[in-house]
There are 2 protein chains.
Amino acid sequence: MAAARKKNLRTEDASPSAPQALAERLERHGVRPSAQRVAIASYVLGTEDHPSADQVWARVKERFPMVSRATVYNTLRHFTEKGLLRELVLAEGRQVFDPVMEPHHHFVDDTTGAIRDIPWNALKVAKIDELEGLDVREYMVVVRGVARGARKG
Amino acid sequence: MAAARKKNLRTEDASPSAPQALAERLERHGVRPSAQRVAIASYVLGTEDHPSADQVWARVKERFPMVSRATVYNTLRHFTEKGLLRELVLAEGRQVFDPVMEPHHHFVDDTTGAIRDIPWNALKVAKIDELEGLDVREYMVVVRGVARGARKG
DNA sequence: TGATGAATTTAGACTAAGTCCAATCTTCGG
DNA sequence: CCGAAGATTGGACTTAGTCTAAATTCATCA
Ligand SMILES: [Mn+2]
Ligand SMILES: [Mn+2]
Ligand SMILES: [Zn+2]
Ligand SMILES: [Zn+2]
């Protein structure tokens with residue numbers, strides 16, 4: 001009966017992309033549902049693509065050619081602040097370098113942005129080998145939070 | 001007795017930053033040890049900072065003010081290709097957006113760059129709560145590799 | 001020692017991603 | 001309908017990264 005999408009991670013999947021339902025969803029999150037915002041939402045809130053801001057812009061322009069880049073960037077930031085989206089930093093483009101070549105995990109300090117190493121054996125990931133259809137080359141746990149205890153000593 | 005650094009992840013820690021030892025280490029990895037490269041190596045191969053390329057440039061310039069930005073970028077790429085460094089993409093700066101707000105893990109396809117979701121329960125991370133001195137806000141496993149089986153079906 | 005070609009370095013142009021801003025347009029309460 | 005707040009817009013600006021062509025350094029060998 002139900003929509004039977006490929007993945008079942010998505011939550012608020014009641015009535016997916018109907019502009020009406022989308023507008024209500026924006027309102028529930030405290031976002032005023034302008035035409036541009038609904039157009040942007042109708043793509044980005046439903047995709048599994050993890051798109052960049054410019055990719056969102058390109059997609060939205062197909063149906064709404066007059067939307068500006070600034071609006072897309074503003075709207076994505078707004079959605080993120082309002083809890084409709086989150087930003088990931090897993091994509092190529094911004095690089096930092098790590099001289100530790102052995103497998104290990106990472107802690108990213110949310111307040112300072114600093115990245116710290118977590119030794120491989122400090123954590124254990126189970127069931128990696130059960131992932132279907134993926135040739136795993138490497139993996140790591142990325143932990144985000146704040147370092148307790150003043151760093152500056 | 002031994003140097004007793006804070007972390008014990010680093011491998012080739014024999015004679016750390018002596019320019020002589022560094023040059024030999026570069027040679028062992030097939031990197032010709034020019035003065036610039038040794039200067040860059042002496043910072044970036046020993047740091048725990050996970051610096052960006054421009055941060056490396058800034059540091060190296062303090063002791064070697066005439067080094068060019070292109071050289072630093074070229075050298076970091078070279079070191080990375082030769083297995084002396086690796087690049088991480090955990091830093092703010094390049095953003096992609098994810099409408100799935102529930103905790104889940106990610107698979108990054110090394111050939112296409114595509115990012116796919118891995119359901120939270122597909123993996124299990126143990127000992128997160130034992131991390132000392134860190135207030136963990138969230139964490140995820142980042143898996144890199146290639147997707148088997150043609151995607152296009 | 002000097003010639004020569006390869007490897008490296010360099011400055012600066014160029015690109016892509018993201019931010020910011022001032023002007024304009026839209027919406028909404030009164 | 002009016003005015004203020006909110007939203008959108010084009011374009012300037014910034015930052016990170018790449019690329020190129022010229023100059024420099026280096027290794028090798030006559
Ligand atoms: Mn790269
Ligand atoms: Mn951001
Ligand atoms: Zn690391
Ligand atoms: Zn995701």
Side-chain angles (χ1 to χ4, degrees), chain A residues 19 22-24 26-27 29-44 49-61 63-82 84-97 113 115, chain B residues 19 22-23 26-27 29-42 44 49-61 63-82 84-97 113 115:
Chain A
L22 265 181
E24 283 166 15
L26 297 192
E27 271 171 347
H29 284 260
V31 175
R32 192 108 72 100
S34 69
Q36 287 91 335
R37 286 172 176 178
V38 171
I40 293 166
S42 84
Y43 167 62
V44 80
D49 287 348
H50 301 82
S52 70
D54 274 340
Q55 284 169 342
V56 174
W57 187 38
R59 279 306 202 92
V60 170
K61 265 194 304 189
R63 290 170 175 256
F64 202 143
M66 67 294 297
V67 73
S68 80
R69 203 165 81 107
T71 295
V72 172
Y73 275 81
N74 290 343
T75 299
L76 291 172
R77 190 204 316 252
H78 199 59
F79 284 3
T80 302
E81 286 165 0
K82 295 301 188 175
L84 284 157
L85 285 178
R86 59 173 160 167
E87 250 183 78
L88 301 181
V89 286
L90 307 176
E92 289 290 333
R94 189 30 131 62
Q95 326 170 346
V96 299
F97 296 92
I115 298 173
Chain B
L22 263 181
L26 297 191
E27 271 170 348
H29 284 260
V31 175
R32 192 108 71 98
S34 68
Q36 286 90 334
R37 286 171 174 177
V38 171
I40 292 166
S42 84
V44 79
D49 287 349
H50 301 81
S52 71
D54 275 340
Q55 284 170 343
V56 173
W57 187 36
R59 277 307 201 93
V60 171
K61 266 193 305 190
R63 289 170 174 257
F64 202 144
M66 66 297 295
V67 72
S68 80
R69 203 165 80 108
T71 295
V72 172
Y73 275 80
N74 289 342
T75 299
L76 291 172
R77 192 205 315 254
H78 199 60
F79 284 1
T80 302
E81 286 164 1
K82 297 300 188 176
L84 284 158
L85 283 181
R86 58 173 159 166
E87 249 183 78
L88 301 181
V89 287
L90 306 176
E92 289 291 332
R94 189 27 134 64
Q95 327 171 341
V96 299
F97 295 92
I115 299 174

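Values reported hereafter were calculated over all heavy atoms of this structure, with side chains retained and with hydrogens, waters and symmetry mates removed. Letters go in sequence order (proteins before strands), and every chain restarts at 1.
If you take CD of Gln55(B) and P of dA16(D), they are 9 Å apart, rounded to a whole angstrom. Put simply, CZ on Arg37(B) is 11 Å from P on dA7(C), counting in whole angstrom units. Between the C1' atom of dA7(D) and the CE atom of Met66(A) lies a distance of 16 Å, rounded to the nearest Å. Residue Glu81(A) contributes atom CD, which lies 11 Å from atom P of dT19(C) at whole-angstrom precision. Atom CZ of Arg69(A) and atom P of dG18(C) are 8 Å apart (whole Å). Atom pair Trp57(A):CH2 and dT19(C):C1' shows a separation of 14 Å (rounding to whole Å applied). At whole-Å resolution of the value, CD in Glu27(A) and P in dA7(D) are 12 Å apart. The NE2 atom of His78(A) sits 13 Å away from the C1' atom of dT8(D) (whole-angstrom rounding).
Phosphate proximity of dT10(C) to Gln36(B): present, with a side-chain N or O under 4.0 Å from OP1 or OP2. Residue Tyr73(A) places no side-chain N or O under 4.0 Å from the OP1 or OP2 atom of dT19(C).
Scanning both residues, Arg59(A) and Tyr43(A), for their nearest heavy atoms gives NH1-CE1, 3.5 Å. The two atoms that bring Phe97(B) and Glu87(A) nearest to each other are CE2-CG, 3.6 Å, heavy atoms only. Residues Arg69(A) and Asp54(A) approach most closely at NH1-OD1, 3.1 Å, considering heavy atoms. Smallest separation of non-hydrogen atoms from Trp57(A) and Ser68(A): NE1-C, 3.6 Å.
Comparing dA7(D), dA11(C), dA16(D) by their nearest atom to the side chain of Ser68(B) picks out dA11(C). Checking dA17(C), dT10(C), dT9(D) against every side-chain atom of Thr71(A), the shortest atom distance belongs to dT9(D).
The side-chain heavy atoms of Leu22(A) and Pro33(A), taken from C-beta on, include no pair separated by under 4.5 Å. No side-chain heavy atom of Arg32(A) sits under 4.5 Å from any side-chain heavy atom of Leu26(A). Contact of the Arg37(B) side chain with the Val31(B) side chain is registered, since non-hydrogen atoms from C-beta on lie closer than 4.5 Å.
Ser34(A) comes within contact range of the sugar-phosphate backbone alone, with a heavy-atom separation under 4.0 Å but no base atom that close.
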Which atom pairs link the protein and nucleotides 20-28 of chain C when you take only N or O atoms and keep those under 3.5 Å?
unit_1	atom_1	unit_2	atom_2	d
dT27(C)	O3'	Arg32(A)	NH1	3.4

